[in-house]
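As structure tokens, the structure follows; a few thoughts come after it.
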Number of protein chains: 2
Amino acid sequence: MRKLPAKLASQLYGAAELIAERGLDGTKIEDIAEATGIPKATIYYHLDGKNAVLEFLLSDLLDMIAGAVGVAVLSAEDARTRLEAAVVAQLGVMLEHPFLCRALVGDLGRATRLPELALALRAAFYEPIEQLLADGVADGSLRQVPNPGAVALSVFGAITVAGLTAAVEGPSDDPSADAVRLSASISELIFDGLATRPRRADDKPQ
Amino acid sequence: MRKLPAKLASQLYGAAELIAERGLDGTKIEDIAEATGIPKATIYYHLDGKNAVLEFLLSDLLDMIAGAVGVAVLSAEDARTRLEAAVVAQLGVMLEHPFLCRALVGDLGRATRLPELALALRAAFYEPIEQLLADGVADGSLRQVPNPGAVALSVFGAITVAGLTAAVEGPSDDPSADAVRLSASISELIFDGLATRPRRADDKPQ
DNA sequence: CACTGGTTTGTACTTCCAGTACAACATACG
DNA sequence: CGTATGTTGTACTGGAAGTACAAACCAGTG
């Protein structure tokens with residue numbers, strides 16, 4: 001698959017809302033052509049069909065997330081702090097691109113069946129978390145758990161579902177503020193849990 | 001939509017694996033007809049098309065989950081204990097029906113776009129958790145959090161993603177044992193969090 | 001038994017849409 | 001200029017969803 005010119009790429013984003021709204025099935029290639037201004041024949045010249053349109057849009061989203069999280073993870077802090085930063089980063093990107101998130105949720109099945117996307121999904125969402133959890137055990141900032149894989153998956157689920165839902169529900173005026181707010185709640189859950197217990201003074205995350 | 005006779009219903013389950021494998025798009029009505037032994041004309045006599053097949057299968061799964069969780073939630077224990085029971089119940093049903101879970105994940109988008117299913121999804125997965133979190137604050141077994149909605153959503157995500165992944169990855173020989181194991185990990189995360197901190201003796205859940 | 005109303009099913013048909021073919025045109029670059 | 005590479009309109013093909021319908025089938029019920 002050729003990599004398509006920047007101009008077309010930017011036009012293609014015009015299809016995101018459409019696909020988010022109706023799903024890829026409910027969206028005719030002709031609709032996409034009309035919405036983006038790219039004629040059908042041109043779309044087919046560059047892309048191998050409908051799936052490729054989705055694949056292009058989503059891999060872009062996933063790259064953005066993987067990138068932002070990658071940066072957040074690089075700092076010299078302990079793993080716990082970096083995990084918090086990663087959560088904010090991930091949610092930030094998601095809330096900034098609600099349509100792409102909706103499209104992702106809506107066509108998750110297709111996405112996971114497109115091999116490249118499935119990998120990108122893992123790389124963007126799951127792997128950084130898994131890594132940070134392991135780092136945290138190593139540097140003492142996170143607790144050792146009996147079944148790290150399952151826990152990493154749950155943490156991944158907690159973050160991602162909250163983020164996707166927030167993105168799906170309503171595009172907001174100030175995505176990054178929302179991301180910070182939301183990630184505070186999630187971090188609190190992930191780090192401190194919900195059980196009632198006396199908390200020490202230095203325990204407070206923010 | 002008429003409610004279809006028991007015999008046909010049971011035959012329809014023969015389509016679950018097919019749909020799980022290829023997604024609804026990748027499955028022709030004729031394939032479903034062949035796999036279930038129900039001729040196409042008969043399918044159309046009872047159901048309003050492809051979507052209705054998925055809708056039937058999934059609403060059945062969701063009813064099972066909602067039922068099992070509903071029972072778990074009814075006990076006289078405190079909310080925290082009931083939440084733990086609900087997690088086991090939910091995971092138990094999910095791991096017992098891996099094909100339906102795969103179908104659910106694969107066609108999540110379609111599912112959320114089918115109004116009845118979207119409701120059933122909420123009722124099965126999210127609402128019980130939301131309720132238990134509120135109960136827990138009331139009876140003192142769970143901590144009060146600033147943003148209960150977001151936390152409920154994250155908890156829901158943690159449980160559901162872990163469960164779906166486990167169900168999708170591999171049908172197991174002993175689903176209920178797996179469910180117990182998995183739910184122990186998840187409960188530990190949800191209740192105690194991952195932060196390192198000295199834990200008091202009476203803190204230990206099991 | 002015969003009549004009646006709902007099921008069941010085969011077959012043929014219509015419709016819609018993804019994807020293809022191709023020719024005409026544009027643009028760029030040597 | 002000429003060759004290569006992109007752009008686009010138009011017409012076509014193929015496949016699958018869903019429909020139409022008639023023939024058969026199976027209760028019950030009088």
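Computed from a predicted structure; not experimentally measured. Hydrogens, waters and symmetry mates play no part in the numbers below; they use all other heavy atoms, side chains included. Every chain is numbered from 1, with letters handed out A, B, ... down the list of sequences.
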[X] [atom1] to [Y] [atom2] distance, which is reported to the nearest 0.5 Å:
X        : Y        : atom1 : atom2 : value
A:Ser141 : A:Arg82  : OG    : CZ    : 7.5 Å
A:Cys101 : A:Glu169 : SG    : CD    : 12.5 Å
B:Ser185 : B:Leu189 : OG    : CG    : 9.0 Å
B:Met94  : B:Leu61  : CE    : CG    : 7.5 Å
A:Thr165 : B:Leu153 : OG1   : CG    : 4.0 Å

Practice problem: Please list, by residue number, the residues of residues 5-32 of chain A whose heavy atoms come closer than 4.0 Å to an atom of DNA chain C; answer none if no residue qualifies. | Solution: A:Thr27, A:Lys28, A:Ile29

Quiz item: Does a donor on one side chain sit under 3.5 Å from an acceptor on the other, for B:Arg110 and B:Asn51?
Solution: yes

Nearest-angstrom distance from the residue atom [atom1] of [X] to [atom2] of [N]:
X       : N      : atom1 : atom2 : value
B:Asp48 : D:dG18 : CG    : P     : 10 Å
B:Leu47 : C:dT7  : CG    : C1'   : 14 Å
B:Tyr44 : C:dC13 : OH    : C1'   : 14 Å
B:His46 : C:dT7  : NE2   : C1'   : 7 Å

Practice problem: Ignoring backbone atoms, test whether A:Tyr45 places a side-chain nitrogen or oxygen under 4.0 Å from the OP1 or OP2 oxygen of D:dT7. | Solution: no

Quiz item: With under 30° as parallel and over 60° as perpendicular, where do the rings of A:Phe156 and A:Tyr126 fit, or are they tilted in between?
Solution: perpendicular

Quiz item: Does any residue of residues 34-41 of chain A have a heavy atom under 4.0 Å from DNA chain D, and if so, which ones, in number order?
Solution: A:Pro39, A:Ala41

Quiz item: 5'-most contact on DNA chain C: A:Gly49 or B:Thr42, nearest heavy atom basis?
Solution: B:Thr42

Quiz item: Charged N to carboxylate O under 4.0 angstrom, A:Lys50 versus A:Asp25?
Solution: no

